[in-house]
2 protein chains.
Amino acid sequence: MSSDNLSTKNRILQAALDLLETSHGKGVRMSDIAKRAGISRQAVYLHYENRAALLIAATKYLDDLKDSNARLLASRTASTGMQRLDAYIEAWGEYIPEIYGVAKALMAMSDTDEAAYAAWDDRMQAMREGCAAAIEALHRDNMLSPTFSSEHATDILWTQLSVRNWEQLTQQCGWTQAQYIAAQKKLAHTCFVKA
Amino acid sequence: MSSDNLSTKNRILQAALDLLETSHGKGVRMSDIAKRAGISRQAVYLHYENRAALLIAATKYLDDLKDSNARLLASRTASTGMQRLDAYIEAWGEYIPEIYGVAKALMAMSDTDEAAYAAWDDRMQAMREGCAAAIEALHRDNMLSPTFSSEHATDILWTQLSVRNWEQLTQQCGWTQAQYIAAQKKLAHTCFVKA
DNA sequence: CTGTCAATTGACACGATGTCAAGTAAATTG
DNA sequence: CAATTTACTTGACATCGTGTCAATTGACAG
């Protein structure tokens, strides 16, 4: 409860985030995190039950640091549906590289750890809400293309904006971040905006 | 070299495939595979160097079983670019659920095992060739929309048809296989075919 | 001075992969 | 038929990472 306690807890989270960012989420062990936080491996467990809990806490900590909610909600203030769609694609798209390391680690853990899966799924459902809101805004403007239902359009946009897709396009295909954002906007217009 | 040897090797692969299919690639241990193949855990290593090698062999074995190459190449015989695009989306789309289990396991291993990564990457590059060929066919028919370059269109189609996206749309969004195929075709038409 | 709290150290269990040596049983070969 | 080879078995053991436990230390607070 003391501020020392808080400080150690945060030092652990910061250590985890540093390591996950530089290693792209791969091969970061509890002992590595402890070493970087300047404490013993066992002491980490005084603050976090297990690896999954630590990773989950790290993503929440990162959200606060980067003020992600504010950034994503900002897109909701756009006046037209199209502006709103663009703003959301940009806000989320610029956010992905900042969470990529932790996200990768959390996704990898999701395969084996129930809690990690739930935590990641929760975030992705929140992200889906943003997609649904953007599609809904288009619909209200009577600008939603009849090609797909609102429901299907949301599913497609949600999938299109996944972290895995960002990874593939930027890491494997060699797109720059700017190309990624521009292409996703163009793609969404082509698919969802009435001609 | 004897047919007994071959038979055991194949029994191991078949056991692995059976288990991976029913468990969706999660939590299949060497001992599980051995048990199902009816041999001791250690004996598996007489046939396959390690888990990664076994998984890689299993995907190749599955390809042969399902005659995947023939099915994917068949799309190349379509006369128009659009037919070719549709045929490829359908052939690959129908193939995904058949390899899903092994694919999931191989993708999970790719995080830690270099050889597994190389094997999976190799398959994905081959899949990308198919996408590139379909886009190229559209281009030759002068039916490729000017929205994206051939290169970018290939990247987008390749990403759109990823196993992860299939997984998200069918498992998380609850799409049926038929809905998935239909939507992917519609999506590709909207994005890549000249209006 | 005494208790509490954060952290340390060393030891250890577990699960999974992978290795090694010795042994067996059946088929193959001289 | 006897010797050898082949495929496999068994049991033991190393390694790595996670997670736990008990005993100890050092600081700080009442």
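Order of the sequence lines fixes the chain letters, A, B, ..., with proteins taken first and strands second; residue numbering starts at 1 for each chain.
The stretch residues 103-112 of chain B does not touch DNA chain C, since none of its heavy atoms comes less than 4.0 Å from the strand. Scanning residues 23-39 of chain B for heavy-atom distances under 4.0 Å to DNA chain C yields B:R29, B:M30.
Among residues at least two apart or in separate chains, salt bridge (charged side-chain N to carboxylate O under 4.0 Å, His left out) pairs with a member in residues 17-30 of chain A are A:D18-A:R36, A:R29-A:D32.
Taking the side chain to side chain donor-acceptor pair (under 3.5 Å) definition, one finds that B:S75 meets it with nothing, sequence neighbours left out.
Tested against A:I12, the residues A:L17, A:L46, A:L54 include a single side chain to side chain contact (heavy atoms under 4.5 Å, CB included) partner, A:L54.
Formation of a donor-acceptor pair under 3.5 Å by the A:N165 side chain with backbone atoms of A:T159 is found in this model. No donor-acceptor pair under 3.5 Å is formed between the side chain of B:D141 and the backbone N or O of B:M143.
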Considering only distance and modelled atom types, tabulate donor-acceptor pairs under 3.5 Å from the side chains of residues 96-106 of chain A, sequence neighbours left out.
unit_1	atom_1	unit_2	atom_2	d
A:E98	OE1	A:R71	NH1	3.1
A:Y100	OH	A:E167	OE2	2.4
A:K104	NZ	A:E167	OE2	3.1

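One donor-acceptor pair, N or O on each side, does fall under 3.5 Å between the base of D:dG19 and the side chain of A:R41.
Taking only side-chain nitrogens and oxygens, B:H47 comes nearer than 4.0 Å to OP1 or OP2 of D:dC8.
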With the criterion being N/O to N/O and under 3.5 Å, what pairs connect the protein with nucleotides 3-5 of chain C, and how long is each?
none

Handout entry: Stepwise side chain to side chain contact (heavy atoms under 4.5 Å, CB included) test for A:T80 and A:R84
Key = CA-CA 6 Å; A:T80 75; A:R84 190 159 172 171; over 6 Å; no
